Amino acid sequence: MKVVVVGHGMVGHRFVEALRARDTTDRWEITVLAEESRSAYDRVRLSAFFDGASAQDLTYDLPDGVDLHLGEPALTIDRAARKVTTAHGMYEYDALVLATGSSAFVPPISGVDQAGVFVYRTLDDLEAIRAHAAGREVGAVIGGGLLGLEAANALRLLGLRTHVIEFAPRLMPVQVDEAGGAVLRKYVEDLGVRVHLGAATTAIRPSQSVNATLALTLSDGAHIPADIVVVAAGIRPRDELARTMGLATGARGGVVVDAGCRTDDPAVYAIGECAEIDGRCYGLVAPGYAMAEVVADRLLGGDASFPGADTSTKLKLLGVDVASFGDALRTDLLDVVYLDPASGTYAKLVLSDDAQTLLGGILVGDASSYPALRASVGGPLPASPLALLAGDAPRAALSEDAQICSCNAVTKGQISAAIHEQGCTDVAALKACTRAGTSCGSCVPLLKQLLAEGGVAPSKALCEHFTQSRAELFDIIRVRDIRTFSQLVAEHGTGRGCDICKPTVASILASLHNDYVLDGEQAALQDTNDHFLANIQRNGTYSVIPRIPGGEITPDKLIVIGEVARDFNLYTKITGGQRIDLLGARVEQLPAIWHRLVEAGFESGHAYGKALRTVKSCVGSTWCRYGVQDSVGLAVELELRYRGLRAPHKLKSAVSGCARECAEAKGKDFGIIATDNGWNLYVGGNGGFRPRHADLLASDLTTEQLITLVDRFLMFYIRTADRLQRTSAWIEAMEGGLDYLRAVIVEDSLGIAEELDAMMAHHVGSYVDEWRATINDPERLARFVSFVNAPDTPDPTITFASERGQPVPVVLGVRS
Amino acid sequence: MKWTVVCPYPRLEPERGVAALVDGAQVALFRVYDGEVYALGNLDPISGAAVLSRGIVGSRGEVPTVASPMHKQVFDLRSGECLDQPGVRVPVYSVRVREGLVEVMT
Ligand code: SRM
Ligand SMILES: Cc1cc2nc3c(=O)[nH]c(=O)nc-3n(C[C@H](O)[C@H](O)[C@H](O)COP(=O)(O)OP(=O)(O)OC[C@H]3O[C@@H](n4cnc5c(N)ncnc54)[C@H](O)[C@@H]3O)c2cc1C
Ligand code: SF4
Ligand code: FES
């Protein structure tokens, strides 16, 4: 059987995906006719195109087995013969799905059809806007709704001074009330966007003025100069095909369909923005997705029907969070309003007369409570209204049919089933199982909450081989004095391990015993980086980073690094951690390179290990006119003390010589800032993926006090953190947080301080440089060969090109 | 088709791999915990680098596996099939141990 889909937008695409996924016996052959010259893309994120995303980034993958015709719009449809005609051919169908979306509504303003006036709907529109905006200065947007504000932000990002003209007396009239609109207006104007309310545009004319090419005339008599005008005054369903086919359309446009998304011709369906269902058209993607699922089900013999739609929205417009949900604009009910002009937040909850049921609401400025509030609509108030608005309500229990993901219509019940019956243990698995969280992403915090509440202890089991967490394994290994992975897995696990548990156990053994990490069975546990004491690179070569404590280095040592790099033809780069990276070394070259480096007094920098990386420093009081303590001296001392310390994740530190903080210590796992009286210690900082500033743990410490606290902090972290959990996440997940941590390591509330001190003393006392230990031992060196039967033959797949005078890898199939 | 001697068996560390060059082909040899030896192509088809021999050896369910050291996709040591990306596989070589020597057929 054949189904022809007209339109490859967001909803048409979802339909194709849904049908392909469910039609396991390939009952339907799918043909898609697309007017646009590109495959379906994420229109909701369209504006990201001006914010760094490429068209490619926004485009969806097409499922296999779909016959897609780009740039080939459907022109006529013969219902009797069940045939669709395009400029290139004719397509027969057993079922026809109209998914033609909407077009931008352009009001009949005089001069609206001239060059320089655009709409904001497709990637082609955005490309044209970008091209026209180049070198221009002023832009105007007609329409102050959702779309208009997005377009205004786009013009701003293109560097234009921007005006927004809205006919209604407030911005976003459909979503927010007057007070919310006022807060929003202030935000928007603070960004430099000029807002004109209560005015219609009556004409657009070429301008004689020197500073703009067009001029807009408003109904209040004002004139606005602009080089570019974007019309965002609303959308109209594209029902022109349906009209010529003689199908019923609604009074305000839209192909009329029943709850099964069927038109008055039983072989023709309409879904998405072009459809009128229950007497209305939806301009949001979630109802369209629901319709797509309904039709996929119907074509396979099901009887699904449209479940109704949630028109809640949450957006970040011009950097402002705005959310509206449920019956946000009803004025005949009880409402609770919270307005804080100082922080620019406005919130309103609409309640039933007895103040027991949440019916809707509006949030401007801070929408962090949106996911939980939206899911509670229609149910009892989960906490007192004020607590809810302040965002610090106790985590409320949601009912089973509360909708968690409105984009994909997923209820709490479905999430629970995925957790308990399908065994989903993390957000990624929930996304794959239920699609929740895959569109706008605003429900992801709720998904995490439900995982935690589901009590499935989502992250506890380390992997399929161990049901214990890393912290539990640490205690088992420590208390039972287990020395090998084999013993551990035999007594406390199953199977033969994997790339998750083996390196974890290797790290625990190293933290506890500080033996040579490649001795005996331990060698087989190490990830390739630890196994070759270097970092693997994309072409299978390795990088070499010698330790340069505190970033301090003598000219002689610098010269050695330069000579080694030159002699082995290594790409050389200053790292972000105040040291030098030599890249492109083949396995069999590593010992010779390190031989030279060790001879010159270098040692391993552990850039490969989950271990201490660098202790960064500023020049401090020795040189700097502001410095109050010797930051370099302390950084060197700390780096030498903790070098080689294996941990659940890498550890970074820094020492600044005064509060100007040139060493960025607050971005480190443990950061130290000099004071007139000593040192302040900060913990739990992080750069990287989710930056976080470190928290002050203790102030005005002597060097000795400081070192004791850092010793305990690190050992407590090593004992109790999860695998690959940086100190920032560890502290955030800790019950009792920083106060608890302070109690444990400063006040010794658990009575373990002595033990932690002893563990660190053992580490410091037993440290041996891994590379020195390796190059002096022929048996250990035997590992560093390219091929077991041709130890000195370089891997023939490794080749280099040259870039800016240095070698760079040529990767198979990536570069030629 | 012929058998080529690659190295003495004890040169294979338990639960680890080594690379060998056999007739110009890069072969990754693995010795698993019960002493069995497997041989796959050394080229990781996903990253394009010849590194599979440097991955971590283990098990998934009953399947003996190696995880690519580059991006951790797991391969079945018996069939060469990638368990994380259906459709991806690496060549499998016949391998045997005779008189203490590891031999690979090419
Ligand atoms: C070489 C270097 C980039 C450079 O050329 O400057 C680098 C390179 C790598 N970084 Fe980094 N990072 C480097 C400084 C940083 C910094 C800056 C710093 O340390 O001040 C950060 C942010 C600070 C932080 O960690 O909080 C940084 C945040 C990361 C992250 C994200 C960590 C996070 O918590 O989100 C990763 C990924 C990870 O570890 O999981 C990462 C991972 C990596 C890895 C190991 C990725 C990999 O597995 O291949 C890179 C390989 C290093 C190598 O030599 O092959 N790198 N990386 C820098 C080495 C510094 C050094 O001397 O050791
Ligand atoms: C800038 C912007 C921001 C948005 N933000 C949000 C948001 O935050 N949340 C939200 O829920 N929604 C948002 N939307 C709306 C959302 O994008 C739409 O609801 C969604 O794209 C509708 O999908 P659709 O498939 O019905 O229509 P479309 O995605 O418009 O696709 C219809 C396709 O059909 C094609 N077509 C039309 N006629 C024919 C023909 N005769 N033959 C072949 N092809 C044809 C069109 O060219 C088009 O490609 C936003 C829209 C825009 C423009
Ligand atoms: S942090 Fe202070 S001492 Fe260090 S370089 Fe900056 S100003 Fe100077
Ligand atoms: S609510 Fe948008 S992805 Fe779930």
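Convention: sequence-line order gives letters A, B, ...; per-chain numbering from 1. Since the structure is predicted, the reported quantities are computational estimates derived from the model, not experimental observations.
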So [Y] and [X], do their side chains get closer than 4.5 Å, heavy atoms only?
| X | Y | answer |
| --- | --- | --- |
| A:V544 | A:Y542 | no |
| B:L12 | B:C7 | yes |
| B:S68 | B:L52 | yes |
| B:S53 | A:F787 | no |

Considering only heavy atoms, which portion of [X] lies under 4.5 Å from any heavy atom of chain A: side chain, backbone, both, or neither?
| X | value |
| --- | --- |
| B:A50 | both |
| B:V51 | side chain |
| B:V32 | neither |
| B:R54 | both |

Tell me which of these, [options], has more heavy-atom pairs under 4.5 Å with chain B than the rest.
| options | value |
| --- | --- |
| A:R496, A:K502, A:H531, A:E521 | A:R496 |
| A:P503, A:A782, A:A790, A:G495 | A:A782 |
| A:D527, A:N539, A:V785 | A:D527 |

[options]: which one forms the most heavy-atom pairs within less than 4.5 Å of chain A?
| options | result |
| --- | --- |
| B:Q26, B:R11, B:E62 | B:Q26 |
| B:V6, B:L29, B:V66 | B:V6 |
| B:G24, B:A20, B:P64 | B:A20 |
| B:H71, B:R60, B:E15, B:E13 | B:E15 |

Would you indicate whether B:Y33, at its atom OH, is surrounded by more than 12 heavy atoms from other residues, nucleotides or ligands within a distance under 6.0 Å?
->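 12 or below, so no.
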Are the charged groups of A:D519 and A:R780 less than 4.0 angstrom apart, N to O?
->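 Salt bridge between A:D519 and A:R780, a charged N being under 4.0 Å from a carboxylate O: yes.
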What heavy-atom pair brings [X] and [Y] nearest, and what distance separates the two atoms?
| X | Y | value |
| --- | --- | --- |
| A:I775 | A:W594 | CD1-O, 4.1 Å |
| B:Y38 | B:L77 | CD2-O, 3.5 Å |
| B:A28 | B:N42 | CB-OD1, 3.7 Å |

At a heavy-atom separation under 4.5 Å, does [X] approach chain B through its side chain, its backbone, both, or neither?
| X | answer |
| --- | --- |
| A:T793 | side chain |
| A:D499 | both |
| A:P791 | neither |
| A:I798 | neither |

Taking the six-membered ring for Trp, are A:F784 and A:W771 parallel (under 30°), tilted (30 to 60°) or perpendicular (over 60°)?
->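 Rings of A:F784 and A:W771: tilted, 30 to 60°.
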